[in-house]
Colleague: 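First, the structure itself, so that you have it in front of you.
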Amino acid sequence: MKPTDDEIVRLIRSQSKDGVEELFDAYATFLLLVIIRIVPQKDKAEIVLERTFQKIWNSIDQYPLHHQSFLAWMRVLARDLANEAALNKNSITTAEND
């Protein structure tokens with residue numbers, strides 16, 4: 001049974017690895033499509049996707065529960081990171097070398 005967004009948020013807030021797995025399974029494709037529109041190179045877009053998941057994990061306490069949909073909040077994070085990467089191409093290559 002697929003978890004709800006609220007369940008995924010609770011899992012991530014409790015720092016459960018299951019939360020990351022559920023998040024990835026539910027939203028990786030959607031978020032990658034958001035990112036690829038801005039960063040069309042697949043390898044670079046995948047780096048931005050990884051950063052997006054890290055940002056979601058690290059910023060989950062900033063998610064305004066019940067004020068914005070979880071999907072919309074993640075989309076904004078992905079779009080902002082993709083825009084940042086597109087403007088600063090060195091940030092993508094630096095991540096590849098880390």
Side-chain angles (χ1 to χ4, degrees):
M1 191 164 134
K2 182 181 169 186
T4 66
D5 286 349
D6 287 343
E7 291 169 333
I8 293 172
V9 169
R10 273 194 295 278
L11 286 169
I12 296 171
R13 283 188 170 155
S14 68
Q15 297 185 341
S16 168
K17 289 186 181 185
D18 290 340
V20 173
E21 291 172 10
E22 295 293 348
L23 176 68
F24 187 86
D25 290 346
Y27 294 110
T29 301
F30 172 79
L31 293 173
L32 185 59
L33 290 172
V34 169
I35 294 164
I36 282 180
R37 289 181 179 192
I38 300 165
V39 180
Q41 302 85 2
K42 188 173 183 201
D43 58 333
K44 293 179 181 181
E46 288 173 346
I47 292 168
V48 175
L49 178 64
E50 182 179 328
R51 288 182 184 172
T52 301
F53 283 118
Q54 290 170 349
K55 179 91 173 188
I56 293 166
W57 178 268
N58 293 327
S59 304
I60 196 66
D61 288 336
Q62 297 172 12
Y63 167 60
L65 199 60
H66 307 297
H67 292 279
Q68 181 179 33
S69 77
F70 188 48
L71 181 61
W73 181 73
M74 291 186 299
R75 183 179 174 275
V76 168
L77 293 179
R79 189 188 66 222
D80 289 350
L81 289 169
N83 283 326
E84 180 182 309
L87 291 173
N88 185 3
K89 296 181 192 313
N90 292 335
S91 67
I92 297 175
T93 56
T94 300
E96 290 172 338
N97 295 328
D98 288 347

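Here the structure is a predicted model, which is why all the values come from computation and not from measurement. Every heavy atom of this structure was used, including side-chain atoms; hydrogens, water molecules and symmetry mates were not.
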Colleague: Output, in order, the C-alpha distance, side-chain angles, deciding distance and verdict of side-chain contact (heavy atoms from CB on, under 4.5 Å) for Trp73 and Val9.
Modeller: CA-CA 12 Å; Trp73 181 73; Val9 169; over 6 Å; no
Colleague: Establish whether Ile56 and Leu33 are linked, either directly or via other cluster members, by ILVMFWY side-chain heavy-atom contacts under 4.5 Å.
Modeller: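 No, Ile56 does not connect to Leu33 through the hydrophobic network.
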Colleague: Nearest 0.5 angstrom please: Glu50 CD to Leu32 CG, how far?
Modeller: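 Answer for the CD-CG pair, Glu50 versus Leu32, is 12.5 Å.
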Colleague: Closest heavy-atom contact between Ala78 and Val34?
Modeller: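 Answer, listing the atom of Ala78 first, then Val34: CB-CG1, 4.4 Å.
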Colleague: Flag yes if more than 12 heavy atoms outside Arg13 fall under 6.0 Å of its CZ atom; otherwise flag no.
Modeller: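 Yes, CZ of Arg13 has more than 12 neighbouring heavy atoms, counting only those of other groups under 6.0 Å.
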Colleague: Between Pro3 and Ile8, which heavy-atom pair has the shortest distance, and what is it?
Modeller: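 It is CG-CG1, 4.0 Å.
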Colleague: State plainly whether one hydrophobic cluster holds both Met74 and Val76, where clusters connect Ile, Leu, Val, Met, Phe, Trp and Tyr through side-chain heavy atoms under 4.5 angstrom apart.
Modeller: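 Cluster IDs for Met74 and Val76 differ.
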Colleague: Would you say the side chain of Tyr27 lies within less than 4.5 Å of the side chain of Asp5, judging by non-hydrogen atoms?
Modeller: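 Yes. Closest side-chain heavy atoms under 4.5 Å.
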Colleague: Ignoring hydrogens, what is the shortest heavy-atom contact between Trp57 and Ser16? Give both atom names and the distance.
Modeller: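 In terms of heavy atoms, the two residues are closest at CZ3-O, 3.6 Å.
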Colleague: What distance do Leu23 atom CG and Ile60 atom CD1 have between them, rounded to the nearest 0.5 Å?
Modeller: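 Result: 8.0 Å between the selected atoms.
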Colleague: Suppose we screen for side-chain contact (heavy atoms from CB on, under 4.5 Å). Which residues come up paired with Arg10, at least two apart in sequence or across chains?
Modeller: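 By the side-chain contact (heavy atoms from CB on, under 4.5 Å) rule, Arg10 matches Asp6, Glu7.
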Colleague: Is there a donor-acceptor pair under 3.5 Å between the side chain of Asn83 and the backbone N or O of Arg79?
Modeller: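 Such a contact is found between Asn83 side chain and Arg79 backbone.
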Colleague: What about Leu77 and Leu31, same hydrophobic cluster or not, with Ile/Leu/Val/Met/Phe/Trp/Tyr joined at side-chain heavy-atom distances under 4.5 Å?
Modeller: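 The answer is yes; both residues are in one hydrophobic cluster.
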Colleague: Are Ile38 and Val48 linked, directly or through intermediate hydrophobic residues, by side-chain heavy-atom contacts shorter than 4.5 Å (ILVMFWY only)?
Modeller: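 Yes, it is one cluster - the side chains of Val48 and Ile38 are joined through contacts under 4.5 Å.
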Colleague: If two hydrophobic side chains count as joined below 4.5 Å and joins carry through other members, does Leu71 share a cluster with Leu11?
Modeller: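 Different clusters.
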Colleague: Just say parallel, tilted or perpendicular for the rings of Phe70 and Tyr63, cut-offs at 30° and 60°.
Modeller: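 If you compare the ring of Phe70 with that of Tyr63, the planes turn out perpendicular.
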Colleague: Only one of Val39, Ile36, Ile35 clears side-chain contact (heavy atoms from CB on, under 4.5 Å) with Lys44; which?
Modeller: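 Filter result, single survivor: Val39.
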Colleague: Is any NZ, NE, NH1 or NH2 atom of the basic residue among Glu46 and Lys42 found under 4.0 Å from an Asp or Glu carboxylate oxygen of the other?
Modeller: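 A salt bridge links Glu46 with Lys42.
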Colleague: Using modelled atom types and a 3.5 Å cut-off, is there a donor and acceptor pairing between side-chain atoms of Ser59 and backbone atoms of Lys55?
Modeller: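 Side chain of Ser59 to backbone of Lys55: a pair is present.
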Colleague: Using a 6.0 Å cut-off, check whether atom CZ of Phe30 has over 12 heavy atoms from anything other than its own residue.
Modeller: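 Check passes, neighbour count above 12.
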